[in-house]
Amino acid sequence: MLIPFFLHLRKHKLPVSTKEFLTLLDGLRLRVCGHSIDDFYAFSRTCLIKDESHYDRFDQAFGSYFKGITEIPGLDVDLPEDWLKALSTRHLSAEEKAALEKLGWDSLMEEFRKRLEEQKGRHQGGSKWVGTGGSSPFGNAGYHPEGIRVGGESAGNRTAVKVWEKREFRNLDDSVEIGTRNIKVALRRLRRFAREGAVEELDLDGTISATARNAGWLDLHMRPERHNAVKVLMFFDIGGSMDDHIKVCEELFSASRTEFKHLEYFYFHNCVYDHVWRDAYRRHSERTPTLDVIHTYGPDYKLIFVGDATMSPYEILQPGGAIEYMNDEPGADWLRRLLDTYPSAAWLNPEPERLWEYRQSIRIIRDIIGQERMYPLTLDGLGRAISALSKKR
């Protein structure tokens, strides 16, 4: 029965293997998951998808295959009313929850079952059938003071007490920005070059235990030696247009502090000049000369700029072009000094990559640092930046 589903996933370019599919079938045979569509979704994704960056594509393929309430396997069994009630009342006040019960949940669900049994086709408008644009309690893009939204988008009234087929799973794909949920993926990608060391070292405790079990005959055990050895120097652009990207930059900063034992960071605004700072509240009184940074941290540091590179071209190319003060040297000179000192460098830009060609300042920055050194602040962009930083120069 599920072979077409397996082929459907392959058609959507998901790397699902026959072995993983057989694992899914074994789990179903052993009743590992329940009969509801949500249980099957969670279990099938666990068995078939091994890379979190494929979750969004799996969601889309799963939704298209099981599209339509009548096609969901197990519809002939009782609907999980406890789950439906919990979902529908999750964001309601106590008074609203009480009112919902008075409106007749049981009647609503019973009528919904009847409509599914009787309806034979699509309906537009009207007040009875599951359809669109009408006043029926069932459907979408219409209005009813209490009903069940089935498929499609809301008309904005927000009066549904249940939304069936709504995807409650947050998207995770290579093109999305790093968010609260997928920060773990970013951590794993950062770890690719955050941990280095010898292939193996002596596992003393394991050797002692194994030797004791061997009646005194020496039984050497080895284990991988991994230690955090990479040094990272990060420059964060703050203020102005970067206020739109505070959340993603905070999450990246938090991930970096967790992963890197040797992390140094500084702030700048728009472009790096003759000074940077660590505390934005004291940036006018406690500044760090950029030359001091260059002389303090050696060329073995990985240099990462985080900024949207969006500013007036004068701020990059002209003495006195800085937006806040009269700089003696243009920002371009300071960028080149940093790049000369730290050959392993990358720039992470939170602005969508499709907009880069329309921003003159971004084109100038890319010309200075190298076109291939600027990456979008997405999971895919972060992965590419890390791969580049991992190469020995």
Side-chain angles (χ1 to χ4, degrees), residues 1-90 105-106 108-122 130 138-140 148-152 160-174 176 179-182 184-185 188 379:
M1 179 181 70
L2 291 176
I3 290 178
F5 174 57
F6 172 74
L7 297 176
H8 180 77
L9 296 179
R10 295 294 297 267
K11 184 179 178 181
H12 280 72
K13 301 187 184 305
L14 284 160
V16 291
S17 68
T18 304
K19 182 178 180 180
E20 292 163 348
F21 180 62
L22 293 176
T23 300
L24 172 65
L25 296 181
D26 285 342
L28 295 175
R29 178 176 56 83
L30 297 172
R31 302 182 182 275
V32 173
C33 77
H35 56 253
S36 75
I37 191 64
D38 294 278
D39 288 345
F40 178 70
Y41 164 84
F43 183 62
S44 62
R45 192 182 72 173
T46 300
C47 293
L48 301 174
I49 306 302
K50 303 304 181 186
D51 187 339
E52 289 171 303
S53 65
H54 295 147
Y55 279 2
D56 184 60
R57 197 180 305 165
F58 176 79
D59 285 359
Q60 295 177 21
F62 188 95
S64 64
Y65 185 82
F66 292 107
K67 185 174 179 61
I69 193 71
T70 58
E71 296 177 18
I72 296 178
L75 189 64
D76 53 329
V77 302
D78 291 338
L79 291 175
E81 294 187 5
D82 292 341
W83 178 81
L84 295 175
K85 289 182 179 180
L87 184 60
S88 67
T89 59
R90 185 178 300 168
W105 176 273
D106 293 338
L108 185 65
M109 296 307 301
E110 182 60 30
E111 287 298 318
F112 185 39
R113 288 190 181 90
K114 290 180 180 179
R115 297 294 189 278
L116 293 177
E117 292 172 359
E118 298 171 0
Q119 186 166 334
K120 303 302 181 182
R122 181 185 182 279
V130 179
F138 316 108
N140 67 82
I148 299 175
R149 177 152 64 88
V150 181
V161 295
K162 173 72 187 85
V163 179
W164 193 258
E165 286 187 302
K166 179 181 179 182
R167 289 171 60 190
E168 292 290 333
F169 316 100
R170 182 170 179 174
N171 295 343
L172 182 65
D173 208 340
D174 285 342
V176 300
T180 302
R181 174 184 168 193
N182 55 25
K184 294 181 180 179
V185 177
R188 293 182 191 132
L379 292 179

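Note that these values count all heavy atoms, side chains included, but never hydrogens, waters or copies made by symmetry.
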Colleague: What heavy-atom pair brings Leu48 and Val16 nearest, and what distance separates the two atoms?
Modeller: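 Closest approach of Leu48 to Val16: O-CG1, 3.5 Å.
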Colleague: Just checking Ile3: does its CD1 atom have more than 12 heavy atoms from other residues, nucleotides or ligands closer to it than 6.0 angstrom?
Modeller: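 Counting neighbours around CD1 of Ile3, 12 or fewer heavy atoms of other residues, nucleotides or ligands fall under 6.0 Å, so no.
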Colleague: Does the Lys NZ or Arg CZ of Arg45 fall within the cation-pi geometry relative to Phe62 - under 6.0 Å from the ring centre and within 45° of the axis?
Modeller: no
Colleague: Evaluate whether atom NZ of Lys11 has more than 12 neighbouring non-hydrogen atoms of other residues, nucleotides or ligands under 6.0 angstrom away.
Modeller: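 Not buried by this count: 12 neighbours or fewer within 6.0 Å.
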Colleague: First locate atom CG of Leu2, then atom OH of Tyr65, and finally report the distance between them rounded to the nearest 0.5 Å.
Modeller: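 Going from the CG atom of Leu2 to the OH atom of Tyr65 covers 7.0 Å.
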Colleague: Taking only residues two or more places apart in sequence or in another chain, which ones pass side chain to side chain donor-acceptor pair (under 3.5 Å) with Asp39?
Modeller: Ser36
Colleague: At their closest point, which heavy atom of Ser64 faces which heavy atom of His8, and how far apart are they?
Modeller: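 Closest approach of Ser64 to His8: OG-NE2, 2.9 Å.
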Colleague: Enumerate, atom names and distances included, each donor-acceptor pair closer than 3.5 Å involving a side-chain atom of residues 20-28, sequence neighbours excluded.
Modeller:
{"residue": "Glu20", "atom": "OE1", "partner": "Ser17", "partner atom": "N", "Å": "3.0"}
{"residue": "Glu20", "atom": "OE1", "partner": "Ser17", "partner atom": "OG", "Å": "3.4"}
{"residue": "Thr23", "atom": "OG1", "partner": "Lys19", "partner atom": "O", "Å": "3.0"}

Colleague: Just verifying a value: how many Å separate His12 NE2 and Gln60 CD, rounded to the nearest 0.5 Å?
Modeller: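 The NE2 atom of His12 sits 7.5 Å away from the CD atom of Gln60.
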Colleague: Distance from Ile49 atom CD1 to Arg57 atom CZ, nearest 0.5 Å?
Modeller: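 So the CD1 of Ile49 and the CZ of Arg57 are separated by 9.0 Å.
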